[in-house]
Number of protein chains: 2
Amino acid sequence: MSTAGTRQEQKERTREAILSSALTLAQEHGFAQISLRQVARHAGVVPTAFYRHFQSMDELGLALVEQSFDTLRQMIRDAQRDPDVFANIIDAAAEVLVDTVKQYKAHFAFVARERFGGSDAVRGAIRHELDLFVSELAVVLARLPNIERWRSEDVQMVSRLFVRNMVYNAEEVVEMPDNRPDLEERIKEGARRQMRLIVLGFEKWES
Amino acid sequence: MSTAGTRQEQKERTREAILSSALTLAQEHGFAQISLRQVARHAGVVPTAFYRHFQSMDELGLALVEQSFDTLRQMIRDAQRDPDVFANIIDAAAEVLVDTVKQYKAHFAFVARERFGGSDAVRGAIRHELDLFVSELAVVLARLPNIERWRSEDVQMVSRLFVRNMVYNAEEVVEMPDNRPDLEERIKEGARRQMRLIVLGFEKWES
DNA sequence: CCAATCAGTGAACACCCGTACACTGAAAGT
DNA sequence: ACTTTCAGTGTACGGGTGTTCACTGATTGG
């Protein structure tokens, strides 16, 4: 039997060193351009030890996709608990988005970059997770006043529109230099205005 | 003196072989992952000959950015000449977008990928060109009925919203498998609906 | 016709890559 | 106490990389 043997603990620690090393290095030049040896070196481990944890860089990439979308889902869960969200969905959403992306920059940068630049496997996984996310958001949107009676395809469409803009805004935050609260506020303000414009269209939408 | 000496002609032909080889190879795995030697090999030229045309892969990348945005600008110019555009801006825009992207897939794929995945130089160049493009579109939008009186920041904001969606729709066309007119129609329909929703918001927009 | 130019050649270099293999030594199981 | 397990080691390999250098030979211009 085993409770928390030092054995597995150490292995887990190394695994996480590899994951976070990969994430750090990927921030500089993109995950697709970093090598197994670079990751191992940064994690303080010999290249061959890498294989005790991942069969290939692709497998590492998939693990990072999973990790990244976990923080994305956490963001949504937190946002829904926030009482401000009911008072003013748009302002709260802009706030939460910018703050969370700033906090977990590496994860969002990873998704933004590898969404198009990564290997087939990584790209496919990200695409799939984003599609899931669109559907989840559609469920939330379907409960909003003006949208209740829409055809489900239209709800999906508007959900895609929101997710696209979320992705795009996240990209801007990721590219933003540190310590520039003015830029941060501009991005928030832009996000708010875009969402407001889209919501204005809701009332008059038909077919 | 020289008019069109066979000398320069041949050089130009090689240069274009290198450019188109790079574009072709980049479509498979992304420009950032292909090597100078691969490009030279595909162009039927020895690696060292590459340097007669470009100082580095980065310089090649910048040339491809230029080439790609030339076709993008051509798309806009053609669209403005099309009489249908005045009859129904939205349907025409969706049509032109999907058709042009399909025709120049390699260029749009290049921009979509390297917009985030490329080297600093390439990424910066694409970002700059896209910003220019947003401003150009804003000038066109500012002449539309409901928008005439808007503050210029709001016009820019809505222009960004359109360009973002254009980029995102282009990405979908690029990822679309060939010979799937059903998918193509779905993307067009989605683009039309999103644009219509946004335009609906125009009338009620204030501040 | 002859000298200069210069796009493209081919060999050589030092380097980094992924992976195979036999290994070590401490923790885990009995 | 002993054996087994297995995370991490160290060496070695074949192969792809960017860049250097001296070169060749057809086109060019006088």
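Protein chains get the first letters and strands the later ones, always in sequence-line order, with residue 1 at the start of each.
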Looking only at side-chain atoms of [X], point me to the closest of [options].
X: A:S35; options: C:dG8, C:dA12, C:dG18; result: C:dG18
X: B:R37; options: D:dT19, C:dT19, D:dG8; result: D:dT19
X: B:R7; options: C:dA7, D:dT19, C:dT19; result: C:dA7
X: B:Q38; options: D:dT17, D:dG8, C:dG18; result: D:dT17

Check the distance between [N]'s [atom2] and [X]'s [atom1] and give it to me in whole angstrom.
X: B:Q33; N: C:dG18; atom1: CD; atom2: P; answer: 13 Å
X: B:R13; N: D:dT27; atom1: CZ; atom2: P; answer: 12 Å
X: B:K11; N: D:dT28; atom1: NZ; atom2: P; answer: 14 Å
X: B:H29; N: D:dG16; atom1: NE2; atom2: P; answer: 15 Å
X: B:I18; N: C:dA7; atom1: CD1; atom2: C1'; answer: 11 Å
X: B:E9; N: D:dT28; atom1: CD; atom2: C1'; answer: 14 Å
X: B:E12; N: D:dT27; atom1: CD; atom2: P; answer: 18 Å

Taking every non-hydrogen atom, the tightest pair across A:Q67 and A:L23: OE1-CD2, 4.4 Å

Does B:R115 come within less than 4.0 Å of B:E129, counting only side-chain N to carboxylate O? no

If the plane angle is over 60° it's perpendicular, under 30° parallel, otherwise tilted; pick one for B:W205 and B:W150.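 Ring orientation of B:W205 relative to B:W150: tilted.
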
[X] [atom1]: over 12 foreign heavy atoms closer than 6.0 Å:
X: A:E66; atom1: CD; result: no
X: B:Y104; atom1: OH; result: no
X: A:E148; atom1: CD; result: yes

Using a heavy-atom cut-off of 4.0 Å across all strands, would you classify A:R41 as base, sugar-phosphate, or nothing? sugar-phosphate

Which parts of residues 44-58 of chain A get close to DNA chain D, meaning a heavy atom less than 4.0 angstrom away? A:V45, A:V46, A:T48, A:A49, A:R52, A:H53

When the aromatic ring centroids of A:F116 and B:F116 are compared, is their separation below 6.0 Å?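 No: the rings miss the under 6.0 Å criterion.
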
